[in-house]
Protein chains: 2
Amino acid sequence: MASGPGERRGAGEAGGAGARRTPGQRAGLTREAVLAGARAALAQDGIEGLSMRRLARRLGVAPNALYSHVADRDDLVDALLDDTLNEVRAPDPRRGDWRAGIETIMRRTYAVLLAHPDLVPLYVARRGARGPRAVALGEAMLAMLARGGIEGDPAVEATRTLIVHAIGFAAFATGAPLQPAESTLTPKALQDLFARSLSWLLDGIAGGHPMR
Amino acid sequence: MASGPGERRGAGEAGGAGARRTPGQRAGLTREAVLAGARAALAQDGIEGLSMRRLARRLGVAPNALYSHVADRDDLVDALLDDTLNEVRAPDPRRGDWRAGIETIMRRTYAVLLAHPDLVPLYVARRGARGPRAVALGEAMLAMLARGGIEGDPAVEATRTLIVHAIGFAAFATGAPLQPAESTLTPKALQDLFARSLSWLLDGIAGGHPMR
DNA sequence: ACCTGAACACCGTTCAAGT
DNA sequence: ACCTGAACACCGTTCAAGT
């Protein structure tokens with residue numbers, strides 16, 4: 001981790017307290033390095049590690065140095081969320097059964113969310129991602145729905161329903177159980193439940209004729 | 001608003017800066033007054049008004065005075081969320097069609113969530129309420145499911161699915177649209193969509209035979 | 001038991017420098 | 001353009017008093 005330029009100060013950089021650079025000296029930071037640091041902070045310290053000040057400390061810069069590479073904290077979080085969606089491989093919207101295509105895209109999205117449990121509360125708080133990757137996935141789903149004869153408002157409603165469902169389920173799967181009884185549900189049971197409820201919704205979206 | 005004891009200082013109480021009481025003097029605060037103040041703060045200033053310090057300022061007390069009536073901020077928020085569920089009138093779990101009963105309970109819950117849009121992000125963040133009211137509603141749903149022959153893990157899965165669905169939809173209905181295209185969905189269209197997707201899920205939960 | 005004063009250890013963000 | 005120093009306006013929470 002922390003690859004890239006600006007490595008000459010070596011280890012111990014993140015732990016110290018004093019100033020190593022005078023104003024005007026560069027730290028060799030880039031937007032990508034900031035995002036990589038944010039990921040590492042999230043992995044190591046969880047959501048609390050993702051404050052601007054703690055991230056700056058980890059990167060060995062002054063807190064306000066981050067604002068040269070990121071508009072504000074929301075910008076940082078949005079970039080993190082959208083980047084993560086790069087891990088979701090969407091099937092070709094023009095080939096195969098459209099309903100199976102949507103199921104694939106949603107299951108992969110769900111799997112990626114579960115693979116990044118600390119990000120899930122952020123997806124929840126922002127109700128999804130807004131970046132180019134999220135848009136691309138949304139367009140793929142709309143293309144698949146169109147092949148099933150679903151367009152316009154019903155198509156928008158369908159994608160919204162499915163995204164809500166995936167994020168909501170991920171939140172429950174990664175969070176602490178609400179009631180003691182819920183702890184009896186294993187991760188596998190939850191995954192099955194997601195798959196099942198997903199197909200229920202798709203049954204309804206497809207208009208009552210299940211198709212498989 | 002702000003009914004109850006401790007009114008003798010009158011208007012202007014919340015705006016001033018100086019200390020009106022020396023240590024040892026009481027402000028006449030109660031847990032209920034703190035919760036009422038929290039509701040008013042939420043209604044007036046939104047989620048940002050719900051900091052301990054701002055709430056204390058509104059109530060005319062020192063920030064730490066709140067800790068005599070509330071364990072911490074989470075305790076305050078939890079009480080707020082559970083109290084609001086008092087507005088959800090649950091039908092008698094023993095009477096009428098069980099599926100219709102669940103639909104009623106979920107639609108009323110959804111309506112109450114929409115009636116308190118500022119609380120929705122908090123329900124989302126905490127993935128529901130945990131207090132006695134939430135437990136009572138959950139038990140009512142389990143009783144209805146039992147009458148439909150659904151018990152044990154499947155019943156817990158069903159309630160979880162339905163609650164995720166309601167909170168997720170409320171979050172999307174009350175929040176800003178994620179993509180420009182979504183803004184075309186009117187509140188009424190969203191409400192219809194919730195009702196429809198709810199019945200899709202219930203179709204699935206009921207085992208594929210829609211029952212109505 | 002209920003409240004204040006003061007403090008601790010934080011936040012995000014901005015503004016004015018420096019090179 | 002990229003960074004630091006310093007500051008502003010906040011947070012939640014705790015501890016030691018006072019009555």
**Q.** Carboxylate-amine/guanidinium proximity below 4.0 Å for B:D82 and B:R126
**A.** no
Q) Side chain of A:H69: nearest nucleotide among D:dC3, C:dT4, C:dG12? A) D:dC3
Q. Salt bridge between A:D74 and A:R130, side-chain N to carboxylate O under 4.0 Å?
A. no
**Q.** Interatomic distance where CG belongs to A:D75 and P belongs to C:dT13 [whole Å]
**A.** 10 Å
(Q) If a pair means Watson-Crick or G-U wobble with both distances below 3.5 Å, what does DNA chain C look like in dot-bracket form, with | marking bases paired to a different strand? (A) ||.|||||...|||||.||
Q: Output the single nucleotide from C:dT13, C:dC3, D:dC3 whose closest atom is nearest the side chain of B:S68.
A: C:dC3
(Q) Please classify the nucleic acid contact of B:R73 as base, sugar-phosphate, or nothing, using heavy-atom distances under 4.0 Å. (A) sugar-phosphate
Q. Which of these nucleotides, C:dT13, D:dT13, C:dG12, is closest to any side-chain atom of A:S51?
A. C:dG12
Q: Can you tell me the distance, in whole Å, between the CZ atom of B:R57 and the C1' atom of D:dC11?
A: 11 Å
For nucleotides 15-19 of chain D, list the nitrogen or oxygen atoms of the protein found under 3.5 Å from its nitrogen or oxygen atoms, one pair per line.
residue	atom	partner	partner atom	Å
D:dG18	N2	B:G24	N	3.1
D:dG18	N3	B:G24	N	3.4

Q: Could you measure between the two P atoms, the one in D:dC10 and the one in C:dA9, and give it in whole Å?
A: 22 Å
Q.
Checking contacts here: which listed nucleotide (D:dT4, D:dG12, C:dC3) is nearest the side-chain heavy atoms of B:M52?
A. D:dG12
Q. Which class fits the ring pair A:F194 and A:H165: parallel under 30°, tilted 30 to 60°, perpendicular over 60°?
A. parallel
Q.
The side chain of B:A65 is closest to which nucleotide in this list: D:dT13, C:dC3, C:dC11?
A. C:dC3
